[in-house]
4 protein chains.
Amino acid sequence: MIMPRTEKQYARIREEKRALIKNIALELFASEGYYYTSISKIAKKAAISKGLVYNYFKSKEDLLKEIISNGFDAFTVVFDPNKDGILTDDEFDYFINEVFNILRSNTKYWRLFFGIILQSIVYDFVEEQLIRILSPMSKTLNNFMERKNADDPATDARFFMAVLDGVAFHYILDPDNFPLEKIKNRIINFFTRC
Amino acid sequence: MIMPRTEKQYARIREEKRALIKNIALELFASEGYYYTSISKIAKKAAISKGLVYNYFKSKEDLLKEIISNGFDAFTVVFDPNKDGILTDDEFDYFINEVFNILRSNTKYWRLFFGIILQSIVYDFVEEQLIRILSPMSKTLNNFMERKNADDPATDARFFMAVLDGVAFHYILDPDNFPLEKIKNRIINFFTRC
Amino acid sequence: MIMPRTEKQYARIREEKRALIKNIALELFASEGYYYTSISKIAKKAAISKGLVYNYFKSKEDLLKEIISNGFDAFTVVFDPNKDGILTDDEFDYFINEVFNILRSNTKYWRLFFGIILQSIVYDFVEEQLIRILSPMSKTLNNFMERKNADDPATDARFFMAVLDGVAFHYILDPDNFPLEKIKNRIINFFTRC
Amino acid sequence: MIMPRTEKQYARIREEKRALIKNIALELFASEGYYYTSISKIAKKAAISKGLVYNYFKSKEDLLKEIISNGFDAFTVVFDPNKDGILTDDEFDYFINEVFNILRSNTKYWRLFFGIILQSIVYDFVEEQLIRILSPMSKTLNNFMERKNADDPATDARFFMAVLDGVAFHYILDPDNFPLEKIKNRIINFFTRC
DNA sequence: CATGAATGAGATTTCATTCAT
DNA sequence: TATGAATGAAATCTCATTCAT
């Protein structure tokens, strides 16, 4: 008895191929740089034809966009995980720890990621992503600082984000020597004291 | 009988043209990205021929390297200005203030500078520069933290650099809204307390 | 549903295009010189795009190398055809006759071939080929001369090769007036006389 | 008392500069190839400016032509030195010896020389030179063979030239291993025996 | 859905030659 | 006569993308 599953199966195959291409592209973009990674190289490593890549992604830039978008998402899931807009001390700790776990998991990728979002050539697209991510994050952080009775919660929130980025930046540039644990503690102490 | 230009005249022409090319290249590298800025584009904007660029710089990469190297130098000048390896509290204040003065003086430039050094293909070269600049800076900062009786001066020094970069980064991305003065105070208080 | 070409079809296309490009390149290299023949010119004459040439040959130099290598091969086929390392008198005669048959069959080609291999920049590569071709040939010729009881077989072998090349060279430069048969006889008499 | 020699002195200086440039160009053309030797490189090695080269030679090609023309002359001086149209046995010996002395004196140059004259792009120019050199040489050689009571002097003359070129060719391709003396003897024996 | 030959636009780079000084 | 900055044309090569099959 043959079940009419072909439709669904095709869809699954499609999704798997897309994921395959994205993973390989990510790896190559990260290790060799976006510009120096040709579609040819991606196709060869994925053991498919060049043409097929275009069957799944409109263009090379399109492929990049999807990868970056996925990258941003990695952070949203670990910030205020229950999405109630309120950051507990535990959630604050969890977020900081997870941020660095994420960075550690693929340093090269995040280095690329940071580099790309600063190139204003892709800025129009990146800007949407930044606003999408940062504006709720900012609101929640303000609220967190208020609850800490900070004199100037808005400045503290802003300062926190800057510190986090700076530390993240230094960490991905030199992951082996960076005293990550000690610095994580300093951040947590500084921003959650009283 | 018409005499050729003197050596001095030639030297001046060379220096001026080099500067012109570097300035325009920086602007374009920063706004459009290194790879997407062609030598053609640089030449056109500088109103010279493509070929002339190669009279002054061995290659496109060479041009980039010199630009980056110059950028790094700007900071060394204001750090421990008497170069005695000892950072007084005043010098520490001065450094922090000057860093942001430098950044404010040409926000666009520094946005581009950061963007460029993050493009990973450049990384090998950037690493050399980082070591060149950061290792004496780091030593002096360690010494500064020790004199502050810090529990863990090395970590504090590192943390300081990360914080400074993060704040600088956020500042140049949004100089108009960033509460710079307040945050400068937070940094100074945090690292010079006791 | 349209199927992609089979592997065999692709292989045939590749082989035909490669041959086309090689033939046209040879003609141009020979008549205008290697350096003065641009890939553009080759592509135009072959009625294909510049880019396609690079689909088939890694570089201009690569194209040249393959052409030269093929030329050398033509001679190995007729030398000691059974490849037993022993040259009988008949095989010796056969070789000399075939060399000139090959040359006569496409005088223009061989004139060009000689022209190319003498261009000095090509020399390093030609040297490899010469060693590849000449060293077994030389061994077999030495052996041949020894069996002729020559006083100095190595020198005779070398002399023979030089004479053959000189005659071949003069022949292809002026095939219509060159007294080929008479000179072939002189060579055979000189080198196979007891 | 100042003598009015300036005119003549200038002429001498001019001639010396021309010779300097030609010698350096020859050296570079021979060692690096005509195409890969830039006017810049020649000027630098001659310690003069690029512009000055054009003061002495109309173009790079012009410089080459003069060098090549000088090359042809090298052979005419050693062939039938008294220019009486009659080649004695001693003159025949002398010619063969001198040819190889000349070749040995600058192997690279002669390799270049052979390579260049075979490129049809310079052929028009070279052809004149060849006719100028070869046609009296050929006549004199025929006469020489006749006096040797050769059965077919014309063929012998032609064969001789071919052999000489073949040996010269092999010699310049591998000057270090080529058994030149032995082969010179073989040529002399073969062509001057009774 | 899959292939890879083919295109074409553009990138970097080199260099003979000119020209103001 | 002498300089070297400047030009401009052309060369090699790369690659995202298309398309016939």
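Computed from a predicted structure; not experimentally measured. Below, chain A is the first sequence line, B the second, and so on; all start at residue 1.
By the 4.5 Å heavy-atom criterion applied to side chains, C/Ser69 and C/Arg132 are counted as neighbours.
Protein atom CG of B/Asp62 is 14 Å distant from nucleotide atom P of E/dT12, rounded to whole Å. If you take CD of A/Glu16 and C1' of E/dC1, they are 15 Å apart, rounded to a whole angstrom. Per the geometry, CD belonging to B/Gln9 stands 19 Å off P belonging to F/dA2, to the nearest Å. If you measure from atom CD of C/Glu61 to atom P of F/dC13, you get 9 Å, rounded to the nearest angstrom. For C/Lys44 and F/dT12, the NZ to C1' distance is 16 Å, given to the nearest whole Å.
Helical stems of DNA chain E (runs of at least 3 Watson-Crick or G-U pairs, donor-acceptor distances under 3.5 Å) are listed by first residue: E:2-21 with F:2-21.
C/Ile42 is linked by a side chain to side chain contact (heavy atoms under 4.5 Å, CB included) to C/Ile21, C/Ile24, C/Ala25, C/Leu28, C/Phe29, C/Thr37, C/Ile39, C/Leu63, counting only residues two or more places apart in sequence or in another chain. In terms of the side chain to side chain contact (heavy atoms under 4.5 Å, CB included) criterion, residue partners of C/Ala74 (sequence neighbours excluded) are, by chain and number, C/Trp110.
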Under a 4.0 Å heavy-atom criterion, the protein footprint on nucleotides 4-11 of chain E, written with B, S and -, is BBBBB-BS
Side-chain donor-acceptor contacts of residues 47-58 of chain B below 3.5 Å, not counting sequence neighbours, with atom names and distances?
{"from": "B/Ser49", "atom 1": "OG", "to": "B/Leu52", "atom 2": "N", "distance (Å)": "3.3"}

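Within the structure, every pair that satisfies the side-chain hydrogen bond (donor to acceptor under 3.5 Å, both in side chains) test and touches residues 16-27 of chain B, not counting sequence neighbours, is listed here: B/Arg12-B/Glu16, B/Arg18-B/Glu66, B/Lys22-B/Glu66, B/Lys22-B/Asn70, B/Glu27-B/Lys45.
For A/Lys41 and A/Tyr36, the positive end is not near the middle of the six-membered ring at less than 6.0 Å and at most 45° from its axis.
Within the structure, every side-chain polar atom (N or O) of C/Tyr54 is placed at least 4.0 Å from both OP1 and OP2 of F/dT14.
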